[in-house]
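The first residue of the sequence shown is numbered 1, and numbering continues consecutively from there.
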Amino acid sequence: MNLAILLQVLAVLIAFNVCSAGSKKERHSHNGILKPYSGKHIPYTISVTENAALDEGKPVIINERSGKDGRGVVIQDVHAVPEICMDRIRDLAHYHKMVKNVKKVIPYDTVKFENGTEVVGAEFNVGLSLLTFTYFLKLQYDPAYFTLTWTLDYQYNSDFDDNTGHWQVVQHPTKPGWSRVLYSCEVKVFNWLPEFVINFMTKTALVESTAWVKRESEKLTGTSTAGMAPYPLGDLSECFSVDTTEGTATYMINCAEAKAVQRTGHSDSAHSDL
């Protein structure tokens with residue numbers, strides 16, 4: 001099922017349900033149910049087969065489900081340096097040109113901290129023709145870990161029950177000029193949404209999420225990174241451990257954490273409570 005069909009179904013479900021559509025006119029029904037991401041890196045282990053898929057330009061997907069909640073992780077190799085990938089991810093104002101079926105993203109609040117942390121409130125409108133799906137996010141860029149995380153902005157009513165997520169970008173462990181991008185999102189949907197919607201949000205939408213970053217970043221491969229946020233972590237190849245017996249490769253976040261601490265002088269994420 002593609003996103004266009006999903007959005008049409010969502011629009012019908014919302015129209016015939018007591019749950020109101022996303023709006024700034026009222027608060028969300030709660031102040032957060034899902035645990036937010038910390039802004040630090042997410043560890044993972046992939047098989048030799050999955051690593052080969054990454055080398056072929058394909059995404060690797062890891063799904064977790066618990067009832068009506070769904071969490072997904074997708075890993076994608078991109079032929080562009082980390083600065084370019086993160087710049088594309090943070091360029092909310094141009095999502096409507098880069099991300100399929102995003103009609104507009106309206107940033108409405110930005111707070112910058114002395115250490116480079118930035119928190120942005122933004123309204124997302126996705127849809128097809130006159131059918132729209134609206135939600136409000138509070139997104140936080142953490143310069144120490146080169147991550148972007150988010151939760152719903154609970155002062156406004158969204159068309160998700162809850163939504164939290166995470167982007168991380170690192171240098172590719174073996175390919176100079178490449179990046180390894182990881183995207184993770186956990187969603188909690190309203191009980192009246194059918195099973196296929198949850199499956200879409202935790203699988204099909206995951207692939208689309210990294211596909212656009214790969215496409216848009218690779219358009220800029222080899223171009224200047226002047227004016228972009230600098231990549232702070234350097235070479236992390238030693239943080240990727242290959243087990244030839246098990247046929248797996250593991251990203252060790254303790255190693256990455258040590259490098260982040262070495263560069264920033266603190267072990268705590270700069271995550272804000274705003």
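Not counting sequence neighbours, Ala52 has no partner by the side chain to side chain contact (heavy atoms under 4.5 Å, CB included) test. For the salt bridge (charged side-chain N to carboxylate O under 4.0 Å, His left out) test, residues two or more places apart in sequence or in another chain that qualify with Glu56 are Lys58. For Phe124, the ring-ring contact (aromatic ring centres under 6.0 Å, His included) partners two or more places apart in sequence, or in a different chain, are Tyr135. Taking the salt bridge (charged side-chain N to carboxylate O under 4.0 Å, His left out) definition, one finds that Arg90 meets it with Glu118, sequence neighbours left out. Every residue meeting the side chain to side chain contact (heavy atoms under 4.5 Å, CB included) condition with Thr223, not counting sequence neighbours, appears here in chain and number order: Ile84, Leu220. With sequence neighbours left out, Asp91 forms a salt bridge (charged side-chain N to carboxylate O under 4.0 Å, His left out) with Arg88. In this view, Ile46 and Tyr44, Glu50, Asn51, Leu54, Val60, Ile75, Arg180, Ala249 satisfy the side chain to side chain contact (heavy atoms under 4.5 Å, CB included) rule, not counting sequence neighbours. Residues satisfying the side chain to side chain contact (heavy atoms under 4.5 Å, CB included) criterion with Thr174, sequence neighbours excluded, are His172.
Within the 4.5 Å cutoff, the side chain of His166 has heavy atoms near those of the Thr147 side chain. Side-chain contact between Asp142 and Thr149 is absent, with no heavy-atom pair separated by less than 4.5 Å. Side-chain contact between Gln171 and Leu233 is absent, with no heavy-atom pair separated by less than 4.5 Å.
Using modelled atom types, one finds no donor on one side chain facing an acceptor on the other under 3.5 Å when comparing Thr134 with Asp159. Defined by atom type and a distance below 3.5 Å, a donor-acceptor pair is missing between the side-chain atoms of Thr117 and Tyr141.
Interatomic distance, OG of Ser217 versus NE2 of His79, reported as 11.5 Å (0.5 Å rounding). Taken from CD in Gln140 to OG in Ser38, the straight-line distance is 10.5 Å, to the nearest 0.5 Å. In this structure, Gln168 CD and Leu182 CG are separated by 4.5 Å, a value rounded to the nearest 0.5 Å.
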Side chain to side chain contact (heavy atoms under 4.5 Å, CB included) assessment of Val102 paired with Lys97: CA-CA 8 Å; Val102 171; Lys97 295 181 179 180; over 6 Å; no
From CA spacing to verdict: side chain to side chain contact (heavy atoms under 4.5 Å, CB included), Asn125, Tyr95: CA-CA 10 Å; Asn125 291 277; Tyr95 268 33; over 6 Å; no
Audit row: Thr164, Tyr37, side-chain hydrogen bond (donor to acceptor under 3.5 Å, both in side chains) steps and yes/no: CA-CA 7 Å; Thr164 182; Tyr37 292 78; over 6 Å; no
Stepwise side chain to side chain contact (heavy atoms under 4.5 Å, CB included) test for Asp109 and Val111: CA-CA 7 Å; Asp109 186 35; Val111 180; 4.3 Å; yes
Criterion side chain to side chain contact (heavy atoms under 4.5 Å, CB included) on His96 and Val105, from CA distance to verdict: CA-CA 7 Å; His96 66 288; Val105 177; over 6 Å; no
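Side chain of Thr248 to main chain of Ser47: no donor-acceptor pair is present (N/O by atom type, distance under 3.5 Å, no hydrogens or angles). Looking only at distances, a side-chain donor or acceptor of Ser184 sits under 3.5 Å from a matching main-chain atom of Gly72. A donor-acceptor pair is defined here as one N or O able to donate and one able to accept, closer than 3.5 Å; such a pair exists between the side chain of His41 and the backbone of Tyr145. Within the 3.5 Å criterion, the main-chain N or O of Met252 finds no donor-acceptor partner in the side chain of Thr250. Gln76 places a side-chain N or O within 3.5 Å of a backbone atom of Gly57 that can act as its donor or acceptor partner.
Applying the salt bridge (charged side-chain N to carboxylate O under 4.0 Å, His left out) rule to pairs touching residues 237-255 yields Glu238-Lys259, sequence neighbours excluded. Applying the disulfide (SG to SG under 2.5 Å) test to residues at least two apart or on different chains, none of the pairs has a partner in residues 134-179.
The hydrophobic cluster analysis finds Trp178 isolated: no Ile, Leu, Val, Met, Phe, Trp or Tyr side chain comes under 4.5 Å of it, directly or through other members. Connectivity analysis of hydrophobic side chains (ILVMFWY, heavy atoms under 4.5 Å, direct or indirect) links Tyr108 to Phe136, Tyr156.
Of the charged side-chain nitrogens involved, none lies within less than 4.0 Å of a carboxylate oxygen, so that Asp77 and Lys214 do not count as a salt-bridged pair. Under a 4.0 Å N-O distance rule, the pair Lys40/Glu257 qualifies as a salt bridge.
Ring geometry for His28 against His30 counts as perpendicular: the plane angle is over 60°, on a 0 to 90° scale with 30° as the lower cut.
Aromatic rings of Trp150 and Tyr183 (six-membered ring for Trp) have centroids within the 6.0 Å cut-off, being under it.
Shortest non-hydrogen contact noted between Tyr231 and Pro82 is CD1-CB, 3.6 Å. Across all non-hydrogen atoms, the minimal contact from Phe146 to Pro232 is CD1-CD, 3.5 Å.
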